[in-house]
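The structure appears below as structure tokens.
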Amino acid sequence: MPTAPLRKPDDQAEAAQEAVATGRAGHHGVLFAMCLSLVLVVASVSALNLALPDLAIDLSATNSSLTWIADGYTVALAALVLPLGAIGDRVRRRNVLLAGTVVFGAASLAASFADSTTTLIVWRVVMGLGAAMIMPGTLSTITAAFPPEQRAKGVATWSGFAAAGAIIGMLAAGTLLEWYSWRSIFVTSAAAALAAAVAAVVLAPDTKDEHPSPPDVSGAVCTATGIGTLVFAIIEGNEQGWTEPAVIAALVVTVLAFTAYAWLGLRNQHPLLDPALFGIRGFRAGAITVLVQFMAVFGFFFVGLQYLQLVLGYSPLKAAAALVPVAVVVLPTSQATPHLVRRVGMKGTMTAGLLLLSAGLFVISRLDVDSGYLPFLAGLVLAGFGIGLSGSVGTAAITGSLGRGQQGVASAMNDTTREVGSAVGIALMGSIYGSHYRSNLPDSVDQLPAQAAEAARDSAAAGLHVADQLGARGAVLADGVKSAFVDGLSASLIAVSVVVLAAAIGCLFRAPKAPPTSD
């Protein structure tokens with residue numbers, strides 16, 4: 001009777017180490033648990049965008065307030081994901097992830113009772129704190145638990161869900177808004193946080209950095225300050241004017257904070273994120289690619305969903321469903337990207353992805369009030385292919401540039417670039433849209449009663465609400481509000497498509513052709 005060959009001691013030790021790393025559920029269980037937590041975080045960035053028209057009316061929110069409601073969460077997440085990721089590396093990633101689900105869930109439940117924009121913004125910031133505790137552990141757990149030969153596939157799956165998670169969140173929110181108020185979104189998010197915590201406990205291993213570095217307090221303070229003041233300057237600069245003292249001060253603080261971070265980081269033996277890593281071509285190209293991709297995607301979601309609801313008249317659920325083609329394209333494209341990289345190289349794949357994304361945004365920027373959905377869909381599909389290619393290869397470039405022992409750093413960098421890109425994209429596109437919307441409103445707005453005129457200037461949703469109350473006389477106002485909205489949408493999309501195009505050109509000339517490898 002044939003007997004199985006005896007395993008060498010080294011093979012047995014490696015198998016035992018891998019079993020501990022992946023837990024009892026194996027690689028698929030780890031991937032499921034981490035992607036569930038990832039979707040929880042990403043979905044909360046996009047889900048509330050569907051409720052912005054309702055918030056504008058229910059809480060009398062201005063365009064600036066709506067931007068802060070959307071971006072308060074993302075700014076906190078972007079500013080804190082690096083230091084909290086470092087803490088997870090030290091005290092075990094699953095422990096920090098579980099604590100994050102508690103903070104996230106409690107803040108989400110509290111947000112459902114908010115009765116003012118200020119209160120809602122505060123709770124969104126606290127939700128961002130919880131999300132910053134959750135997100136770093138998702139990718140670093142996958143890269144630490146998966147062997148090198150399977151890591152690219154795990155990263156590609158994670159990247160696909162990072163993009164598709166936004167669509168999942170919007171579909172869930174759209175379904176809820178068909179029958180309930182915007183408050184139901186936060187109640188559901190709290191329940192989803194509980195489900196993510198259970199999955200992490202049952203399926204995910206509790207990994208950590210076996211040789212953690214001392215905490216870098218100065219690096220954490222500098223990055224958090226720089227990110228926060230940058231977003232503040234973008235939002236308030238378009239709202240108040242770029243020459244306002246507060247805006248100028250914020251820009252000065254931003255420059256000083258990032259300069260101090262670079263100067264201190266190069267002199268610190270154990271920086272939070274070593275500035276010298278940006279000297280690695282693959283690392284730098286991956287970071288830029290991920291940053292501009294998320295800047296474009298979440299900035300687009302912020303204004304694009306309002307276009308579907310306010311201009312095309314879609315219900316929240318129909319608006320969310322109208323974006324499903326992005327997920328349909330992104331997930332298989334992300335999965336195919338590792339094979340494409342082997343055939344045409346990292347540079348070619350990365351550049352093609354960014355060019356497709358830029359082209360898709362530009363196509364959508366050409367829409368007018370009467371364009372309908374099909375031209376919107378054409379741009380959406382182009383952008384979807386670009387997102388699938390650029391997101392997956394960008395993440396792989398970051399994680400592949402560093403060794404297995406540095407995957408916590410790689411994950412933190414990937415998460416930071418994503419969230420900084422999201423925060424800046426929402427702030428940039430929201431601000432450009434808001435300023436162009438106000439400047440392109442028809443003169444008839446000035447003839448309205450003062451309170452109605454102010455409401456129309458505050459947001460397009462409020463302007464259409466005022467038009468509805470005017471009966472037959474409101475048709476002209478409604479047309480003017482929609483036209484002003486589309487002008488703002490076009491201006492914001494053109495601005496971001498140019499940024500993405502510039503990144504594509506940079507990758508074409510500066511990104512390495514072959515993907516980096518790590519062990």
Side-chain angles (χ1 to χ4, degrees), residues 68 71-91 93 96 100 103 124-126 128-137 139-140 209 212-237 245-280 283-284 286-288 290-292 294-295 398 401-402 406-428:
W68 277 115
D71 228 4
Y73 173 87
T74 315
V75 171
L77 175 53
L80 298 173
V81 70
L82 265 178
L84 290 173
I87 291 173
D89 290 342
R90 295 175 64 86
V91 302
R93 295 166 184 131
V96 175
V103 173
R124 285 281 287 172
V125 170
V126 179
L129 166 63
M133 300 169 72
I134 296 170
M135 193 166 187
L139 181 59
S140 57
D209 187 346
S213 302
D216 179 14
V217 177
S218 63
V221 171
C222 288
T223 53
T225 301
I227 293 168
T229 53
L230 174 61
V231 172
F232 175 86
I234 294 172
I235 295 175
E236 298 303 323
V247 175
I248 295 174
L251 290 171
V252 171
V253 171
T254 299
V255 173
L256 292 175
F258 284 122
T259 301
Y261 162 73
W263 189 83
L264 293 171
L266 291 172
R267 287 157 179 78
N268 189 339
Q269 289 187 342
H270 304 285
L272 185 65
L273 179 65
D274 190 353
L277 291 175
F278 290 97
I280 303 173
F283 186 90
R284 182 175 64 246
I288 292 173
V290 170
L291 187 144
V292 298
F294 270 69
M295 180 185 69
I398 293 172
S401 296
L402 303 178
Q406 293 180 290
Q407 287 306 302
V409 174
S411 175
M413 183 61 201
N414 185 72
D415 295 341
T416 301
T417 52
R418 285 172 181 267
E419 302 316 321
V420 170
S422 300
V424 171
I426 292 170
L428 181 63

What heavy-atom pair brings V221 and T225 nearest, and what distance separates the two atoms?
-> O-OG1, 2.7 Å

Assign the ring pair W68 / F232 to parallel, tilted or perpendicular, where the plane angle (0 to 90°) is split at 30° and 60°.
-> tilted

If we only count heavy atoms from C-beta on, is the V75 to V125 side-chain gap below 4.5 Å?
-> no

Rounded to the nearest 0.5 Å, the CD1 atom of I227 sits from the OG1 atom of T74 at a distance of 11.5 Å

Hey, could you give me the OG1/CG distance between T223 and L80, rounded to the nearest 0.5 Å?
-> 8.5 Å

Search all heavy atoms of R418 against all heavy atoms of F294 and return the closest pair with its distance.
-> NH1-CZ, 2.5 Å

Note, I87 side chain near L84 side chain (heavy atom, < 4.5 Å) = yes

What heavy-atom pair brings L264 and C222 nearest, and what distance separates the two atoms?
-> CD1-SG, 4.4 Å

Atom CG of L230 and atom OG1 of T254: how far apart are they, to the nearest 0.5 Å?
-> 5.0 Å

Please report the closest heavy-atom contact between P83 and A220, naming both atoms and the distance.
-> CB-CB, 3.8 Å

Smallest heavy-atom separation, V96 atom then M133 atom, equals CG1-O, 3.5 Å

Minimum heavy-atom distance A250-A233, with the two atoms named | CB-CB, 3.9 Å

Supply the atom-to-atom distance T229 OG1 to E236 CD, rounded to the nearest 0.5 angstrom.
-> 13.0 Å

